[in-house]
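Treat the numbers as computed from the prediction; the structure is a model and nothing was measured.
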Amino acid sequence: MTRDRTVFAADDPDVRIYPLLTATVVPRPIAWISSRSATGVGNLAPHSFFTVAAADPPIVQFTSVGDKDTLRNVRETGEFVVNLASAPMVDSINASSARFDPLVDEAEALGVRLEPSVRVSVPRVADAPASIECRLHSMIELGDSTVVLGAVLAVTVLSSALAADGLPDIAELRPVSRLGRNEWGHPPEVFKLDRPAGPAGSVT
């Protein structure tokens, strides 16, 4: 039995495609990106179009919808840091999404503590449980958006946020996510499910 579906054609001018996509592609991890302009002005802004792009070499990506300060800074300096968006900092993360003047450092204005990074000149968020230091790999222009690919130079994790196997512990990371509209997601409920050795019913 086929269930009723509503069809939203992407080329229909009456379809609000951006809010439709952001309410459909959920949850989305948040890259709280610190960057710095060529003249040394810091910037801190959340980007929820974010993921891993490649494993070897390690590359992460985020998308800037429009020509934002983060995008301009990365073009100018070739560096940025992805700071994990953690639940204890959610109010500051949200506040940093406001349209600040390009000459205003959001971290300074909001009282967010920064500290030196290891491999890039851009500082990281001191209280972020994990951060990814990146050098610009490439950019892809797609309509009104730009996909930014960053070569991973170093990942730093608070020692208290590492599990016994040496990897980050999600219970300590407490990552928040973006959903649709003005909705956010709390740290997820976690369950474990081993990957099968082969298709169900196959003999291995």
Side-chain angles (χ1 to χ4, degrees), residues 28-64 67-98 100-139 146-163 166-170 172-178 187:
R28 299 187 307 282
I30 303 168
W32 201 18
I33 297 179
S34 50
S35 62
R36 182 181 281 162
S37 72
T39 58
V41 179
N43 181 263
L44 184 62
H47 294 262
S48 70
F49 289 6
F50 162 64
T51 191
V52 176
D56 186 13
I59 296 174
V60 295
Q61 73 176 60
F62 73 92
T63 297
S64 176
D67 197 3
K68 298 179 179 177
D69 293 342
T70 302
L71 181 61
R72 185 195 66 244
N73 291 349
V74 174
R75 279 196 181 115
E76 291 179 352
T77 69
E79 295 181 336
F80 63 95
V81 178
V82 174
N83 303 279
L84 184 79
S86 187
M89 303 181 293
V90 69
D91 289 335
S92 295
I93 296 166
N94 186 47
S96 70
S97 69
F100 284 80
D101 185 281
L103 297 179
V104 173
D105 184 326
E106 289 85 350
E108 182 177 329
L110 298 172
V112 177
R113 295 194 311 120
L114 300 178
E115 64 185 12
S117 295
V118 177
R119 298 288 302 278
V120 297
S121 64
V122 177
R124 61 177 178 250
V125 173
D127 295 322
S131 64
I132 306 171
E133 300 177 18
C134 301
R135 179 190 301 123
L136 177 63
H137 175 278
S138 56
M139 292 186 178
T146 303
V147 179
V148 179
L149 296 160
V152 176
L153 303 182
V155 179
T156 68
V157 184
L158 292 178
S159 297
S160 60
L162 293 173
L167 297 175
D169 185 343
I170 194 167
E172 297 295 331
L173 296 182
R174 300 180 63 192
V176 291
S177 59
R178 281 291 282 124

With rounding to the nearest 0.5 angstrom, report the [atom1] to [atom2] distance, [X] to [Y].
X: L153; Y: I132; atom1: CG; atom2: CD1; answer: 11.5 Å
X: T39; Y: N73; atom1: OG1; atom2: CG; answer: 8.0 Å
X: R36; Y: T77; atom1: CZ; atom2: OG1; answer: 9.0 Å

Is E172 reaching over with its side chain to a backbone N or O of P129, donor-acceptor style, under 3.5 angstrom?
no
Evaluate side-chain contact (heavy atoms from CB on, under 4.5 Å) for T146 paired with R75, printing each intermediate quantity in order.
CA-CA 11 Å; T146 303; R75 279 196 181 115; 4.0 Å; yes
Please list, chain by chain and in numerical order, all residues satisfying side-chain contact (heavy atoms from CB on, under 4.5 Å) with S160, sequence neighbours excluded.
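For S160 the side-chain contact (heavy atoms from CB on, under 4.5 Å) partners, ignoring immediate neighbours, are L158.
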Could you tell me which residues satisfy side-chain contact (heavy atoms from CB on, under 4.5 Å) with S177, sequence neighbours excluded, listed by chain and number?
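S177 satisfies side-chain contact (heavy atoms from CB on, under 4.5 Å) with P27, L179 once adjacent residues are dropped.
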Tell me every residue that passes side chain to side chain donor-acceptor pair (under 3.5 Å) with [X], counting only those two or more places apart in sequence or in another chain.
X: S117; value: none
X: N43; value: T70, E106
X: S97; value: none
X: R135; value: none

[X]: partners by salt bridge (Lys or Arg N to Asp or Glu O under 4.0 Å), with sequence neighbours left out:
X: D127; result: R113
X: R119; result: none
X: E115; result: R124

Is it true that, when you exclude E108 itself, more than 12 heavy atoms of the residues, nucleotides or ligands shown sit nearer than 6.0 Å to its CD?
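12 or below, so no.
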If every non-hydrogen atom of [X] is compared with every non-hydrogen atom of [Y], which pair is closest and at what distance?
X: A109; Y: V104; result: CB-CG1, 4.1 Å
X: G150; Y: F80; result: CA-CZ, 3.7 Å
X: L114; Y: P123; result: CD1-CG, 3.8 Å
X: V82; Y: A31; result: CG1-CB, 3.6 Å
X: L136; Y: L149; result: CD1-O, 3.6 Å
X: L162; Y: P168; result: CD2-N, 3.9 Å

Does the side-chain contact (heavy atoms from CB on, under 4.5 Å) test come out yes or no for V148 and M139, once each step is laid out?
CA-CA 5 Å; V148 179; M139 292 186 178; 4.3 Å; yes
Side-chain contact, heavy-atom cut-off 4.5 Å: C134 with V120?
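Sidechains of V120 and C134: no contact.
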Applying side-chain contact (heavy atoms from CB on, under 4.5 Å), run through S96 and L110 and close with a yes or a no.
CA-CA 8 Å; S96 70; L110 298 172; 3.8 Å; yes
Report all side-chain donor-acceptor pairs from residues 86-95 shorter than 3.5 Å, counting only partners two or more places apart or in another chain.
unit_1: S86; atom_1: OG; unit_2: L173; atom_2: O; d: 2.6

Can you list every pair that meets ring-ring contact (aromatic ring centres under 6.0 Å, His included) and has a residue in residues 109-137, with sequence neighbours left out?
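Applying ring-ring contact (aromatic ring centres under 6.0 Å, His included) to every pair that reaches into residues 109-137, excluding sequence neighbours, yields nothing.
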Please tabulate, one pair per line, all N/O donor-acceptor pairs under 3.5 Å involving side-chain atoms of residues 50-64, not counting sequence neighbours.
unit_1: S64; atom_1: OG; unit_2: G66; atom_2: O; d: 2.7

Could you go through the side-chain hydrogen bond (donor to acceptor under 3.5 Å, both in side chains) check for T156 and E133 one step at a time?
CA-CA 8 Å; T156 68; E133 300 177 18; 4.7 Å; no
